[in-house]
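In what follows, a structure is listed as structure tokens, so that the remarks can point back to it.
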Amino acid sequence: MQQNEDFIHGLLDFVKKSPTPFHAVQNMVGILEGAGFKRLNEKEQWGVINNQPDQRYFVTRNDSSLIALTLNQPLVEFGLHMVGAHTDSPCLKVKPNPEITKHHYLQLGVEVYGGALLNPWFDRDLSLAGRVSYLNENGHIKHQLIDWEKAIAVIPSLAIHLDREANEQHSINKQTDLPPILMKLAAHNPDNDEVNFNQLLLELVNDKIASLQCNDAQKAMKILDYELSFYDVQAPAVVGLNDDFITSARLDNLLSCYTGLMALIEGDGDKNTLLICTDHEEIGSMSAAGAQGNFLEAVLRRLVHNDEDLSRMLASSLMVSADNAHAVHPNFANRHDENHGPILNEGPVIKMNANQRYATNSETSALFKQCCVLAGVPVQSFVVRSDMACGSTIGPITASNLGVRTVDVGVPTFAMHSIRELAGSLDAFYLYRALRQYFHECA
Ligand code: ZN
């Protein structure tokens, strides 16, 4: 089993290398292949996977969602120990016709993806990454992940002298206030109108293709479309006088993806385990690759012979939905119920809601608590104040779609949905130990 320092180092490195869900899945695939997992393709025939011990597989959808599983016991009788998380985070996505050239600057039009906390996006050094689809020399449509890997844009604040109310009241217009600035254009140059973002992309894609040194790689001739999002280039860090905290973009929810993955691959082959990491949670999960789509159900159906077997397998299964929780912030402690304020570095949080915005029930909560006890990990619980609305996550979606017992858990964090979130430097490792216990030891 890993130790905390190595684990945190691996986590922060993973988050840094995963600026988009596409990159997160690509990096998870690399880790899985290194651990002996074989890729399954949804287009191919799998057959019903036999009951040999220690079978390890993974399958991806849309390059942005992933399921990894290990099969060791008869599935119908023993079911699966499952963990779910999400690969996406709130961000700014580039519009299809993005060029804005006015007042001698090139800017890109952006859409806000998910419930982003927008103020922290100002005055950050931003880069751009995602997936590009293009036509190659042979006329075939190909897809390539790209990442500028350097600060290419910024959204400067308006000086307080021009906005005297900025500290008292400041609202952000998503259409007009957010387009990042990429470059200064020459004044009085008629060519300014010709700046073409697709041309910039084409050059970057061809640089990327050349760097891959793949023999059969054909040059990109025309950009057809893309999904690109801005991200902060500041590297994740361990911070605090006593190194108590980690800060980074996308801790919600790449922290849970990485933690679930590490817990899964270190199995010693005695249980059936599954990790699902889906895209589009931040916008409601309703997509082919999202948790409201049929990805998990479609994969599970292909592991058994018939509907009765599927129902029996699911009745013996359990899902731990892992997504970050709100720690009680000392400056804003009244936003929490006095008896339910999760504390950083005090262990994973079980999220409860009487109205089932979280899927936890007393049975699944008890099972997870016992896993934590057996792993020697502290555990906390969260309910939202009764006079505030409760958030939600993939837990209730999966529980209601599949009818599988589910518990919603997550590590406590500050600044959720900011461009730089904060978690305790012990909690990811605590969650890893709890999930490892759950995957491999718990009944
Ligand atoms: Zn989340």
Side-chain angles (χ1 to χ4, degrees), residues 11 14-15 18-25 28 64-66 82-93 112-118 120 229 231-232 236 246-261 275-287 289-293 295-296 319-327 329 335 342 344 348-353 356-360 368 380 382-384 388-399 406-424 427-428 431-432 435:
L11 165 66
F14 172 76
V15 177
S18 305
T20 73
F22 303 114
H23 292 84
V25 165
M28 283 192 277
S64 65
S65 294
L66 173 142
M82 298 188 277
V83 168
H86 65 87
T87 57
D88 60 321
S89 304
C91 62
L92 303 182
K93 288 199 164 180
V112 177
Y113 174 85
L117 193 60
L118 292 173
S229 46
Y231 70 93
D232 183 2
I246 53 174
T247 55
S248 172
R250 303 179 298 282
L251 291 177
D252 173 15
N253 190 11
L254 294 185
L255 183 152
S256 305
C257 292
Y258 181 80
T259 302
L261 185 65
L275 173 71
I276 175 164
C277 297
T278 46
D279 198 358
H280 298 144
E281 189 273 346
E282 300 293 358
I283 51 167
S285 294
M286 191 164 319
S287 73
Q292 294 216 49
F295 187 30
L296 179 56
M319 169 68 80
V320 174
S321 160
D323 199 356
N324 297 349
H326 301 296
H329 188 311
R335 301 302 163 94
L344 299 175
V349 178
I350 299 175
K351 299 188 264 185
M352 331 270 271
N353 179 250
Q356 288 287 295
R357 298 282 292 163
Y358 298 125
T360 309
F368 188 76
Q380 319 180 65
F382 172 78
V383 293
V384 75
M388 283 173 70
C390 186
S392 193
T393 178
I394 59 168
I397 294 168
T398 311
T406 300
V407 55
D408 272 301
V409 307
V411 304
T413 59
F414 291 153
M416 194 183 287
H417 292 192
S418 169
I419 197 167
R420 199 158 179 91
E421 300 172 321
L422 184 148
D427 288 321
L431 179 63
Y432 155 75
L435 293 181

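Start at 1 and go down the list; that is how both ligands and their atoms are numbered.
A donor-acceptor pair is defined here as one N or O able to donate and one able to accept, closer than 3.5 Å; such a pair exists between the side chain of Glu421 and the backbone of Asp252.
For the pair Phe14/Leu254, a side-chain contact is recorded, criterion being any heavy-atom separation below 4.5 Å from C-beta on.
The aromatic rings of His280 and Tyr113 lie tilted to each other, with the angle between the two planes from 30° to 60°.
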Determine all donor-acceptor pairs shorter than 3.5 Å in which one atom belongs to a side chain in residues 388-398; sequence neighbours excluded.
unit_1 : atom_1 : unit_2 : atom_2 : d
Ser392 : OG     : Arg357 : O      : 2.7
Thr393 : OG1    : Asp323 : OD2    : 2.9
Thr398 : OG1    : Ile394 : O      : 2.8

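Defined by atom type and a distance below 3.5 Å, a donor-acceptor pair is missing between the side-chain atoms of Asp279 and Ser65.
The distance cut-off of 2.8 Å around the Zn ion (ligand 1) captures these protein N, O or S atoms, sorted by chain and number: His86 NE2, Asp252 OD1, Asp323 OD1, Asp323 OD2.
Checked options Thr413, Thr87, Thr259, Asn324; the residue passing with Asn253 is Asn324 (criterion: side chain to side chain contact (heavy atoms under 4.5 Å, CB included)).
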